[in-house]
Amino acid sequence: MKIDGTHYRSIWRTAEGRVEIIDQRWLPHELRIVALETRADVAAAIREMWVRGAPLIGATAAYGVAVQMAHDPSDASLAETWEVLHATRPTAINLRWALDEMRRILQPMAPADRADAAFRRAGEICDEDVEINRRIGENGLAIIRDIAARKGGGRVNVLTHCNAGWLATVDWGTATSPIYHAVEAGIDVHVFVDETRPRNQGAHLTAWEMNHHGVSHDLIVDNAGGHLMQHGEVDLCIVGTDRTTARGDVCNKIGTYLKALAAQANGVPFYVALPSPTIDWTVSDGVREIPIEERGQDEVTHVQGRLEDGRIGHVLISPDGTPARNPAFDVTPAALVTGLITERGVAEASAAGLAAMFAERAVG
Ligand SMILES: CSC[C@H]1O[C@H](OP(=O)(O)O)[C@H](O)[C@@H]1O
C-alpha cells in the first residue's frame with residue numbers, strides 16, 4: 001500500500017537480490033526497513049515479530065528457505081530449514097503451508113537448481129497472496145455495500161481486532177481489504193480499531209494503516225467493543241485468522257472470541273476474512289486441535305511506546321515480578337461466525353460450506 005506516495009509491500013526482494021522487510025516492531029513511530037541476509041535473520045524476524053500476520057509469516061518463511069538454499073542447497077540443509085523455521089511460531093498455519101510448498105518443489109530438484117527456484121516460488125507466493133487478498137476485498141466489499149444500501153447510503157461502522165491489514169500480509173490485508181475497497185468505492189466507512197492487548201497491533205499497526213489511507217477510524221480499548229455493539233454503533237465485525245479448521249472454527253488473536261460472543265449477543269454480523277492457505281484441512285475442532293502460542297510474560301506486564309524523550313521503549317505497568325499468562329490466540333467456534341470471506345466468495349462457516357467453496361481440497 002502507499003505510504004507518503006511510495007508503494008510498499010511488507011516484504012520484497014531488491015534488484016540486487018536482498019530480501020527486505022518493514023520491521024514492524026518500531027511502527028507507528030519509525031518506518032525501519034531491514035534486510036534478512038540469513039536463515040537465522042528470518043527465524044528471528046518471525047519469532048520476535050519483526051514481521052507477523054499469518055500470510056506474511058508464510059511469505060517470510062518461503063524467502064527464508066530461499067536464502068538458505070543460496071547458502072547451502074543440500075538435502076540436509078533443506079530438511080533442517082523446515083525444522084528451524086517451523087519452530088519459530090506454532091499457531092499460524094501459513095508457516096507450515098509455505099514450508100511444505102517450498103519443500104515440495106525443491107526436494108525433487110538437483111541442489112544446484114534449488115536457490116533460483118526457491119526465490120522464484122517465494123516471489124510467486126507473495127504475488128498469489130496479493131491477488132488472494134484483493135479478491136477477498138472485492139467479496140467483502142459486497143457485504144459492506146449491502147449494509148450501506150440498507151442504511152440508505154449512511155455510514156457503515158466496522159469493528160476489527162488486532163492487525164489483519166496489509167502489514168499482516170504481503171499487501172491489501174485480509175480484514176482490511178474490504179475496508180480499503182469500500183473506501184475506494186466511495187462508501188462512507190468508519191472503523192473501530194481494537195487496540196489489541198498485549199502487543200497492541202491494532203493501536204500500533206492498524207491505526208497507522210488507517211491514518212495513511214485516510215480511513216475514518218477510532219482507536220478503542222479492547223473492552224469497549226461490546227458496549228459499542230450494545231448501543232447499535234457497530235454494523236459488522238471483520239477480523240483476520242491465523243488458522244481456520246475444516247469445519248470453520250477460527251483461530252485468531254486473543255480477544256477475538258470475546259468479540260464474537262458480544263456480536264452474537266447483539267445481533268451484529270461477525271465475518272472472518274479467510275485466505276485459503278490459512279485453512280487447515282487436517283483439523284476440525286479448533287479449541288482442541290489448534291496449538292495456541294504462549295508468549296512471554298513481559299508482553300503483559302509492559303507496554304511499548306514512545307517515551308517522553310522520544311525514544312521507543314517499554315514501560316512496566318504492574319508491580320515488579322508480577323506473574324502473567326499470555327496466550328496469544330483464541331478460537332472462535334464456527335457457530336459464532338456469520339461468514340468466511342474467501343478469495344472465491346463468502347462461505348458458510350461449516351464443513352459443508354468450506355467443502356462447497358473448495359471442493360478440490362476438502363477431505364472426508
Ligand atoms: C491476516 S493474518 C492476521 C492475524 O495475525 C495476527 O497475529 P500476530 O500479530 O500475532 O501474527 C492476528 O491474529 C491477526 O488477525
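Any value given below was found using the heavy atoms of this structure, including those in side chains, with hydrogens, waters and symmetry copies removed. Position 1 is the first residue of the sequence; numbering continues from there. Every number for a ligand or one of its atoms is a count from 1 in the order of the listing.
- Residue M49 places a heavy atom under 4.0 Å from ligand 1.
- Of the candidates Q24, R52, K253, the one placing a heavy atom closest to atom 10 (O) of ligand 1 is K253.
- Heavy-atom distances between T241 and ligand 1 reach below 4.0 Å in at least one pair.
- Ranking protein heavy atoms by distance to atom 13 (O) of ligand 1, first place goes to D242 OD1, 2.5 Å.
- Taking atom 15 (O) of ligand 1 as the reference point, the nearest protein heavy-atom neighbour is N252 OD1, 2.6 Å.
- With a 4.0 Å cut-off on non-hydrogen atoms, T278 does not touch ligand 1 at all.
- Of all the heavy atoms of Q201, the ones lying under 4.0 Å from any atom of ligand 1 belong exclusively to the side chain.
- Every atom of ligand 1 is numbered from 1 in the order shown, and the set under 4.0 Å from a heavy atom of R89 is 8 (P), 10 (O), 11 (O).
- Between Y180 and H213, the ring planes lie perpendicular to each other; the angle is over 60°, past the 30° to 60° tilted range.
- Between F192 and H190, the ring planes are perpendicular. Angles over 60° get that label, and only those under 30° would be called parallel.
- Cation-pi check for R134 over W172 is not met; the charged atom does not lie both under 6.0 angstrom from the ring centroid and within 45 degrees of its normal.
- The shortest contact between atom 11 (O) of ligand 1 and any protein heavy atom is with G53 N, 2.8 Å.
- For W208 and H212, the ring centers sit closer than 6.0 Å to each other.
- Looking only at protein heavy atoms, the nearest one to atom 1 (C) of ligand 1 is T174 OG1, 3.3 Å.
- Residues T245 and I279 fail the side-chain proximity criterion, which asks for heavy atoms closer than 4.5 Å.
- In this structure, D242 does not pair ionically with K253, as no charged nitrogen and carboxylate oxygen lie closer than 4.0 Å.
- Counting only heavy atoms from C-beta outward, the side chains of P275 and T342 never approach each other to under 4.5 Å.
- Annotation for ligand 1: atoms under 4.0 Å from non-hydrogen atoms of A54 are 2 (S), 5 (O).
- Here the side chains of I187 and I144 are in contact, with some heavy-atom distance below 4.5 Å.
- Given atom 12 (C) of ligand 1, the protein heavy atom at minimum distance is C162 SG, 3.4 Å.
- The aromatic rings of F119 and Y63 are tilted relative to each other, their planes meeting at an angle between 30° and 60°.
- By the criterion of a heavy-atom distance under 4.0 Å, the side chain of P55, and not its backbone, is placed next to ligand 1.
- Under 4.0 angstrom from ligand 1, the non-hydrogen atoms of N163 all belong to its backbone.
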